[in-house]
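Throughout, numbering of the chain's residues begins at 1 and tracks the sequence. These numbers were taken from a predicted model, which means no experiment stands behind them. For ligands, and for the atoms within them, numbers begin at 1 and follow the listed sequence.
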Amino acid sequence: MIDTSNENKDRQDLTQFDEIWLFGYGSLIYKVDFPFIEKIQACINGWQRRFWQGSHDHRGTPEQPGRVVTLIPAKKDDITPCHGMAYRVSPEVFEHLDHREKNGYLRHEIAIEFKDGSSKQGLIYIADEKNPAFLGEASVEDIANQILMSRGPSGENSEYLFKLAQSLRVLNAVDHHVFEIEARMNNDLRNCTYLSETAK
Ligand code: SIN
């Protein structure tokens, strides 16, 4: 299994930041298992959320990897912001976070935009197409199907999808990619329920 945690330790000199802000766009929005000083809804520009990263350690297994989100560079004319949550944290939390995000994610610096128009340089975890757990593009149907079939030590892959979609709604954020997969999944689940009822 991949482990990017050691590489992440050396990627930034955290002592050079006056304040450390972390931007979360996936499970880091709703699974906050780390201490933080403050949190504020925020967004980043130039990136799109995609269920293109394999999960072998949280929402899947090495035999049946699940799908979780990463970011891909937005197309040139796409100015849709990617909404999420920004947390002001102390440097110590990265020991835990680097371990949690070890399946291909690397820490990058990013400009985080706040609602009041201000912006701060912060950190973000991105799993790019070069990491071995990257699965890449697939149809909405195939992604929903893989999510439906997968589960791992952190729970059902579908729970990851539903919690992410729900937290985006709470943030009043629209993400067509996430909502389309959610709708497809709900449809699949309704059909399964129908089948099992008629089979009685
Ligand atoms: C994030 O949430 O910011 C990274 C991806 C994830 O852990 O789901």
Side-chain angles (χ1 to χ4, degrees), residues 1-5 7-8 11-12 20-36 39-61 65-74 81-89 93-114 120-136 143 146-147 150-171 173 175 177-179 181-182 185:
M1 216 150 19
I2 336 162
D3 187 344
T4 50
S5 52
E7 192 176 340
N8 272 325
R11 279 177 74 84
Q12 289 92 21
I20 306 178
W21 284 91
L22 167 74
F23 181 79
Y25 57 89
S27 65
L28 288 174
I29 302 179
Y30 64 81
K31 187 176 176 183
V32 189
D33 59 354
F34 53 91
F36 60 88
K39 71 171 184 175
I40 310 180
Q41 182 174 347
C43 69
I44 54 169
N45 291 307
W47 295 91
Q48 293 174 334
R49 191 172 3 235
R50 289 287 181 271
F51 269 91
W52 287 9
Q53 175 67 4
S55 178
H56 303 77
D57 55 345
H58 284 299
R59 300 292 177 163
T61 60
R67 272 188 183 257
V68 290
V69 290
T70 183
L71 295 175
I72 58 158
C82 173
H83 293 274
M85 193 59 82
Y87 304 90
R88 185 153 72 88
V89 292
V93 301
F94 287 95
E95 190 152 344
H96 166 66
L97 291 173
D98 287 349
H99 179 76
R100 171 172 160 175
E101 303 295 323
K102 68 182 186 314
N103 199 44
Y105 292 85
L106 290 176
R107 270 196 239 146
H108 294 262
E109 284 189 35
I110 192 124
I112 305 175
E113 316 285 338
F114 297 97
K120 284 212 160 96
Q121 200 65 7
L123 297 172
I124 189 168
Y125 286 94
I126 299 176
D128 72 17
E129 75 287 350
K130 291 192 288 296
N131 87 84
F134 190 76
L135 296 174
I143 293 179
Q146 185 170 353
I147 292 175
S150 305
R151 56 202 52 81
S154 299
E156 297 287 324
N157 201 173
S158 56
E159 182 193 40
Y160 179 106
L161 165 69
F162 290 138
K163 284 196 169 168
L164 175 58
Q166 182 53 23
S167 356
L168 290 174
R169 274 192 285 272
V170 170
L171 298 183
D175 187 314
H177 173 77
V178 174
F179 292 166
I181 297 167
E182 183 199 32
M185 174 79 79

(request) Apply the side-chain hydrogen bond (donor to acceptor under 3.5 Å, both in side chains) test between Gln12 and each candidate in His108, Arg107, Glu109; give the one that qualifies. (result) Arg107

(request) Please lay out, stage by stage, how Glu7 and Lys102 fare under the test salt bridge (Lys or Arg N to Asp or Glu O under 4.0 Å). (result) CA-CA 9 Å; Glu7 192 176 340; Lys102 68 182 186 314; over 6 Å; no

(message) Whether the side chain of Arg49 engages the backbone of His177 through a donor-acceptor N/O pair (distance < 3.5 Å, no angle test) should be reported.
(response) no

(message) Looking at Tyr125, is its backbone amide N or carbonyl O close enough to the side chain of Tyr25 to form a donor-acceptor pair, meaning the two atoms are under 3.5 Å apart?
(response) yes

(message) What I'd like to find out is whether the side chain of Asn103 reaches to under 4.5 Å of the side chain of Thr4, using heavy atoms alone.
(response) no

(message) For Tyr105, does the six-membered ring have the charged nitrogen or CZ of Arg100 within the cation-pi criterion, i.e. under 6.0 angstrom from the centroid and within 45° of the normal?
(response) no

Report each N/O pair between ligand 1 and the protein that falls under 3.5 Å, naming both atoms.
| unit_1 | atom_1 | unit_2 | atom_2 | d |
| --- | --- | --- | --- | --- |
| ligand 1 | 2 (O) | Gly26 | N | 2.8 |
| ligand 1 | 2 (O) | Ser27 | N | 3.2 |
| ligand 1 | 2 (O) | Leu28 | N | 2.9 |
| ligand 1 | 3 (O) | Tyr25 | N | 3.0 |
| ligand 1 | 7 (O) | Ser27 | OG | 2.9 |
| ligand 1 | 7 (O) | Glu101 | OE1 | 2.9 |
| ligand 1 | 7 (O) | Glu101 | OE2 | 2.9 |
| ligand 1 | 8 (O) | Ser27 | N | 2.8 |
| ligand 1 | 8 (O) | Ser27 | OG | 3.0 |
| ligand 1 | 8 (O) | Tyr160 | OH | 2.5 |

